[in-house]
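Worth saying up front: this structure is predicted, and the values here are computed from it rather than measured. Per chain, numbering begins at 1; letters A, B, ... match sequence-line order. Worth knowing before you read on, the calculation uses all heavy atoms, side chains too, and leaves out hydrogens, waters and symmetry mates.
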Amino acid sequence: MVVTRFAPSPTGYLHVGGARTALFNWLYARRMGGTFILRIEDTDLKRNTPTAMQQVIKDLRWLGIDWDQGPEAGGPHGPYLQSQRRDIYDRYIAQLLEQGKAYYCFDTPEELDSLRQEASEGKQGFVYRRPEQFPDAKDAARARAEGRPVTVRFAVPQDQPFVVRDVIRGEVVFGPGEVQDFIILKSDGFPTYHFAVVVDDELMGVTHVLRGQEHLMNTPCHLALQAALGFRTPEYAHMSVTVSEGGGKLSKRERPKALREKIKAMDKVDLESLARAGGIGMEELESFLQKKTTPDMPAIDAMAAHLGVHLPEINVVDFFRSGYLPETMVNFLALLGWNPGDDREVMDRQELIAAFDLNRLSKSNSLFDRKKLMSFNTEHIKRVASTDLLGHYRAFLAEIGSPAAGAQDKRLARILEICLGARTLEEIEQKTRFLFVDNDKVDYDKTAVDKVLLQHDGLGVLTEVADLFRSLDEITAASIEEVLRGLADRKQIGLGKVAQPLRVAICGTTISPPIFDSVDMLGMDNTLARIRIAVEKFGRTN
RNA sequence: GGCCCCAUCGUCUAGGCAGGCCUAGGACACCGGGUUUUCAACCCGGCAACAGGGGUUCGAAUCCCCUUGGGGCUACCA
């Protein structure tokens with residue numbers, strides 16, 4: 001029985017790297033008919049944020065990744081929040097201490113820092129010196145009384161190599177003495193990641209650990225711990241890292257960085273209203289611009305929205321807000337470091353599950369290519385069942401607070417139909433926004449007006465179009481098409497010379513869905529009203 | 001600095017473990033053309049890679065070594 005898990009630390013939104021790790025573990029469990037566990041690694045009090053876990057859960061659900069055991073799902077090995085498992089860790093810590101396999105330490109962070117400093121100045125690697133004699137519980141009590149921090153360090157056997165057997169990389173050998181004693185219990189009483197992960201993977205019966213390559217160097221630590229505690233060693237697969245266009249691993253720091261650069265590149269920015277939009281103080285904004293601190297993600301998002309700038313999507317929720325489908329994300333992420341072995345690329349969840357295989361994971365890092373992602377999105381918008389697409393579109397409209405959010409299913413379905421070929425839901429929303437504004441609130445794009453309405457007698461054509469429309473008794477996309485084509489024929493001009501002025505009159509821009517459908521959906525009354533408004537507004541200035 | 005991982009078109013990759021089927025395949029991007037009422041989509045065509053150097057072998061993209069390059073880790077973070 002295969003058991004895999006995804007173990008995020010709730011420090012913020014789920015980002016694509018984490019989503020990919022979750023996905024691979026989920027795909028493998030589903031492929032093998034196994035169990036997939038969600039475990040929350042919240043052992044760092046300083047970094048956890050209260051809403052992060054909920055957000056991670058929301059993001060996973062959006063992606064369609066479900067878990068058999070974990071928060072909200074429950075399960076036989078709970079609790080699934082590490083912060084609630086301290087008694088369990090304490091027992092194993094006590095066992096190691098008793099067996100002389102771990103020992104108390106009383107160093108302050110400052111002392112350790114200066115030792116590290118010394119080591120790096122001498123171009124030496126820092127090595128923690130294990131005491132000749134391990135302090136006992138009494139020493140620990142005394143240290144505590146004196147106000148010194150008390151931690152527990154694991155005494156890593158120094159006379160043997162550690163061999164990591166990795167599904168992707170084969171055997172990776174760490175020579176004797178290369179793994180030094182590391183802390184397993186922090187001075188605040190919480191276990192470190194290394195300890196909690198080993199204990200929980202054992203207790204939860206985890207058989208396969210798929211995780212990022214950045215954990216490869218941690219694995220000997222885990223092997224040593226497993227041996228000391230008499231635990232099994234699961235199968236490991238250290239996946240390649242996803243790197244960003246800028247080089248380096250795709251990091252959540254990219255968004256704040258991009259925002260800072262955009263602000264600096266702008267001519268004049270009203271910093272006060274910017275700070276207000278982000279819900280932060282002026283000092284905080286200043287300090288952010290000076291690269292000293294970074295506000296939290298909602299503040300970054302709010303400021304970007306305020307400025308109308310587009311930041312690179314990093315978190316799963318960013319992709320949602322930019323109009324990507326969960327199907328796209330799952331498909332694209334799966335292909336980052338894995339492939340089905342044939343030429344298939346666009347696949348749905350079921351196809352991915354059916355094809356997934358640990359032997360096809362690649363060793364080399366991959367770059368997150370947004371252009372390809374967008375092309376995948378186009379494909380999935382075409383592929384997804386229309387009812388699913390409608391659901392996705394509705395969720396998207398609600399998320400971004402679009403005026404179209406309240407529209408009826410039938411109307412939204414028609415919109416999706418006439419926008420086939422769009423690359424993102426955002427594109428669809430922008431293209432059809434004119435359907436949801438008042439006739440006198442149409443935002444006319446100046447270049448479009450100049451180029452289309454004020455040249456080639458655009459306004460004159462518009463007047464003719466309006467007359468023909470008025471005499472129409474049956475209004476459908478087809479009858480509208482007939483009228484417009486007929487006019488173009490009679491005037492011996494291309495259809496574009498008729499369609500474009502009309503488009504600008506009703507949408508304000510030269511970009512819209514096919515014009516016949518656009519007019520039909522807007523309705524004849526609104527169309528005529530907008531033509532009248534446009535003719536009045538721009539006829540006079542000319 | 002130390003330790004570790006990786007290396008095929010600009011990008012994701014197939015092929016590598018079982019060397020000849022590879023004059024290296026697909027997709028995205030890009031370029032050219034077509035379709036066309038705008039954008040997008042769509043159709044046709046094109047450009048484009050085995051990092052370098054040594055071996056092993058009748059034969060290497062494929063196996064070995066070195067160099068170079070990229071990445072990761074080096075916390076009382078996970």
Could you pull out the protein-nucleic contacts involving nucleotides 41-48 of chain B (nitrogen or oxygen on both sides, under 3.5 Å)?
| from | atom 1 | to | atom 2 | distance (Å) |
| --- | --- | --- | --- | --- |
| B:A41 | O4' | A:G421 | O | 3.3 |
| B:A41 | O3' | A:K382 | NZ | 2.9 |
| B:A41 | O2' | A:K382 | NZ | 3.3 |
| B:C42 | OP1 | A:K382 | NZ | 3.2 |

Can you tell me how the ring of A:F332 sits relative to the ring of A:F376, calling it parallel under 30°, perpendicular over 60° and tilted otherwise?
perpendicular
Between B:G16 and B:A75, how far apart are the C1' atoms? Round to whole Å, please.
39 Å
Pairwise C1' distance, B:G34 and B:U23 [rounded to whole Å]
31 Å
For the C1' atoms, the ones on B:U36 and on B:A24, what distance do you get once it is rounded to whole angstrom?
38 Å
Residue A:T192, side-chain atoms from C-beta onward, closest of B:U37, B:C77, B:C3:
B:C77
Is the distance from the ring center of A:F319 to that of A:F368 below 6.0 Å?
yes
In this structure, is the centre-to-centre distance between the rings of A:H238 and A:H215 below 6.0 Å?
no
Atom P, compared across B:C22 and B:U57: separation rounded to whole Å:
26 Å
How many Å lie between NZ on A:K431 and C1' on B:U37, as a whole number?
12 Å
Is the A:F24 to A:F356 ring centre distance short of 6.0 Å?
yes
In whole Å, I'd like the distance from the CD1 atom of A:I493 to the C1' atom of B:U37.
11 Å
Spacing between A:F154 atom CZ and B:A75 atom P, to the nearest angstrom
18 Å
side-chain N/O A:R116 vs B:C76 OP1/OP2, d < 4.0 Å
yes
For the pair made of CG in A:N218 and P in B:A78, what is the distance, rounded to whole Å?
11 Å
Assign a letter to each nucleotide of nucleotides 8-16 of chain B from its 5' end: B, base within under 4.0 Å of a protein heavy atom; S, sugar-phosphate only; -, no contact.
---SBSSS-
State whether A:K371 places a side-chain N or O below 4.0 Å from either non-bridging phosphate oxygen (OP1 or OP2) of B:A27.
no
Span that lies between the P atom of B:G70 and that of B:U11, in whole angstrom:
14 Å
Find the distance A:D357:CG to B:C17:P and express it as a whole number of Å.
17 Å
Are the side chains of A:I40 and A:Y80 in contact, using a 4.5 Å heavy-atom criterion?
no
Think A:K46 has a side-chain N or O under 4.0 angstrom from the OP1 or OP2 of B:A75?
no
Of the candidates B:A78, B:C5, B:U37, the side chain of A:V172 sits closest to B:C5
Cation over ring, A:R86 on A:F190, under 6.0 Å and within 45°?
yes
Verify whether the ring centers belonging to A:H222 and A:F182 lie closer than 6.0 Å.
no
Distance between the P atoms of B:U56 and B:G10, in whole angstroms?
32 Å
Among residues at least two apart in sequence or on other chains, which ones pass salt bridge (charged side-chain N to carboxylate O under 4.0 Å, His left out) with A:E481?
A:R485
Grab the CZ-C1' distance between A:F182 and B:C3 for me, whole Å please.
16 Å
In whole Å, what separates the P atom of B:U67 from that of B:C73?
24 Å
Below 4.0 Å: OP1/OP2 of B:C39 and any side-chain N or O of A:S512:
no
Span that lies between the C1' atom of B:C9 and that of B:G46, in whole angstrom:
14 Å
Does A:D520 come within less than 4.0 Å of A:R414, counting only side-chain N to carboxylate O?
yes
Given the ring of A:F6, does A:R39 sit roughly above its face, with NZ or CZ under 6.0 Å from the centre of the six-membered ring and within 45° of the axis?
no
Given atom CZ of A:F6 and atom P of B:A78, what is their separation to the nearest angstrom?
15 Å
Any side-chain N or O of A:R47 under 4.0 Å from OP1/OP2 of B:A78?
no
Mind calculating the distance between CG (A:D181) and P (B:A75) to the nearest angstrom?
14 Å
For atom CD of A:E171, is the number of surrounding heavy atoms from other residues, nucleotides or ligands below 6.0 Å larger than 12?
yes
Using a heavy-atom cut-off of 4.0 Å across all strands, would you classify A:T510 as base, sugar-phosphate, or nothing?
base
